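Structure first, then comments.
Along the sequence shown, residues carry numbers from 1. Because the structure is predicted, anything quoted here is derived from the model rather than measured.
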Amino acid sequence: MAPDFQRARRPEQVEARRAAILGVARELLAERPVSRISLRELSDRVGLAKSNVLRYFDSREAIFLEVLDSVWVSWLDELEGELSALDGPGYERVATVIATSISRQRLLCELISTMAAVLERNISVETARTFKTRAGERTERLADIVRTQVALDAEAAGYFAKAVFILVAGLWPYANPGEAVATVLAERGAPAGQAMFVHGLTEGLANQLVGLAVRAGQSPEWEQRSLAPFPHAPSGENLPKVSGTHLHKERS
């Protein structure tokens, strides 16, 4: 519901109305994907005309980008604590914690998977500038958090932080298919859902960390680990294909 004043005139009233709109957006996102939420529906639930909602955000997409930024920050707060609690460093440990942590953030994953293709397509230059500035700050923070656990320089950690979101954007819709595809996958006994997402993301992130370490000329101890097939996957069907060796390095 919109605040009970007729028109937001003071800064605190503007912020109250923006908060109300964002709150409703999050409620709708808990019910259905972004693609099925219209600006009209959002406006009706807020209790404002569409034209009034557009006084506070320049488009439907701009509203969801604001939600994305909010949940992104919340996740980073949570991840920082989870990584700091690790019992010793290690590429696979870090990859597992990140993949498991972000998999619990369904709203964040949903919004990341639609960010480049949908949410960044119908916004003003000013909204794009603001969002990209914040996104750069969030990515830099993730890189800094990762560097507390693995020996990467700032450039490599920054590359890895960007790769986290690229991998999430690709894997999330793949692991959460539409109803018809989900039915066919179930018939074939192929994996899908959160377990598949965590598995694929962990492997992808671990390989990213290993590759970055090797390219930087590091020579950590090698530990060969067999990449066992995903549970219940017939002949590896419908799985992200990854291969290689994981590295573990204990900090001196």
Side-chain angles (χ1 to χ4, degrees), residues 65 67-113 115-116 131-172 174-175 194-225 227 240-252:
L65 283 179
V67 175
L68 168 56
D69 183 65
S70 175
V71 294
W72 194 343
V73 171
S74 296
W75 174 62
L76 289 174
D77 291 341
E78 189 172 298
L79 178 67
E80 188 167 16
E82 292 172 343
L83 283 177
S84 66
L86 271 179
D87 183 19
Y91 295 100
E92 190 178 350
R93 290 190 186 98
V94 170
T96 299
V97 169
I98 293 174
T100 303
S101 177
I102 203 168
S103 74
R104 294 193 295 264
Q105 305 292 329
R106 294 191 63 85
L107 178 54
L108 176 59
C109 293
E110 167 75 17
L111 293 174
I112 288 173
S113 71
M115 184 180 77
F131 177 72
K132 285 302 187 183
T133 298
R134 291 176 178 174
E137 293 169 354
R138 312 312 177 218
T139 302
E140 184 176 343
R141 184 182 172 195
L142 176 56
D144 290 341
I145 291 171
V146 170
R147 289 184 71 198
T148 65
Q149 299 297 323
V150 295
L152 294 177
D153 62 25
E155 182 179 6
Y159 182 92
F160 173 77
K162 293 174 184 176
V164 171
F165 291 93
I166 292 170
L167 287 168
V168 169
L171 282 169
W172 185 256
Y174 187 83
Q194 186 177 27
M196 176 187 176
F197 176 74
V198 173
H199 176 79
L201 186 57
T202 299
E203 295 297 332
L205 294 180
N207 287 338
Q208 283 285 329
L209 288 171
V210 169
L212 288 166
V214 171
R215 289 183 66 182
Q218 296 178 16
S219 55
E221 294 181 3
W222 291 80
E223 179 181 309
Q224 185 71 38
R225 182 176 73 82
L227 293 179
K241 299 299 190 296
V242 292
S243 62
T245 304
H246 285 294
L247 296 173
H248 295 274
K249 179 182 179 182
E250 299 301 326
R251 292 181 296 187
S252 57

Exercise. If we only count heavy atoms from C-beta on, is the Trp72 to Thr139 side-chain gap below 4.5 Å?
Worked result: yes
Problem set entry | Close side-chain approach of Ile102 to Val198, heavy-atom, < 4.5 Å | no
For this session: May I ask you to check whether Phe165 and Trp172 place their ring centers less than 6.0 Å from one another?
Result: no
Problem set entry | Salt-bridge present (Arg104, Glu82; N to O < 4.0 Å) | yes
Exercise. Do the side chains of Arg141 and Glu80 get nearer than 4.5 Å, heavy atoms only?
Worked result: yes
For this session: Measure the CD-CG distance between Glu140 and Leu142 for me, rounded to the nearest 0.5 Å.
Result: 11.0 Å
Exercise. Going from CD on Glu92 to OG1 on Thr202, what distance comes out if it is rounded to the nearest 0.5 angstrom?
Worked result: 8.0 Å
Problem set entry | Nearest-0.5 Å distance, CD of residue Gln208 to CG of residue Leu212 | 6.0 Å
Problem set entry | Residue pair Leu205 / Val94, side-chain heavy-atom distance below 4.5 Å | no
Exercise. Around Glu155, counting heavy atoms of other residues, nucleotides and ligands shown, do more than 12 lie under 6.0 Å from its CD?
Worked result: no
Exercise. What distance separates Trp75 CH2 from Ile112 CD1, expressed to the nearest 0.5 Å?
Worked result: 7.0 Å
For this session: Of all the heavy-atom pairs spanning Asp153 and Arg147, show the shortest one and how long it is.
Result: C-NE, 3.8 Å
Problem set entry | Within-4.5 Å side-chain heavy-atom neighbours: Val71 and Gln105 | no
Exercise. How long is the span from the CD atom in Glu203 to the CG atom in Leu171, to the nearest 0.5 Å?
Worked result: 11.0 Å
Seminar exercise, completed: When every non-hydrogen atom of Ile145 is compared with those of Leu76, the smallest separation belongs to CD1-O, 3.9 Å
Exercise. Taking the side chain from Ser103 and the backbone from Thr100, do they hold a donor-acceptor pair closer than 3.5 Å?
Worked result: yes
For this session: Flag the pair Val150 / Phe160 as yes when at least one side-chain heavy-atom distance between them is below 4.5 Å, and no otherwise.
Result: no
For this session: Taking all non-hydrogen atoms of both residues into account, name the closest pair between Ala206 and Ala95 and its distance.
Result: N-CB, 3.5 Å
For this session: Using the side-chain contact (heavy atoms from CB on, under 4.5 Å) rule, take Val146 and Ile98 through it: C-alpha gap first, then chi angles, then the decisive distance, then the call.
Result: CA-CA 9 Å; Val146 170; Ile98 293 174; 4.0 Å; yes
For this session: Please answer whether the main-chain N or O of Leu83 pairs with a side-chain N or O of Gln149 as donor and acceptor at a distance below 3.5 Å.
Result: yes
Exercise. How long is the gap from CG on Leu107 to OG on Ser70, to the nearest 0.5 Å?
Worked result: 9.0 Å
Exercise. Are any of the side-chain heavy atoms of Phe131 and Met115 separated by less than 4.5 Å?
Worked result: yes
Exercise. Around Arg106, counting heavy atoms of other residues, nucleotides and ligands shown, do more than 12 lie under 6.0 Å from its CZ?
Worked result: no
Exercise. Under a 4.5 Å cut-off applied to non-hydrogen side-chain atoms, are Thr148 and Asp144 in contact?
Worked result: no
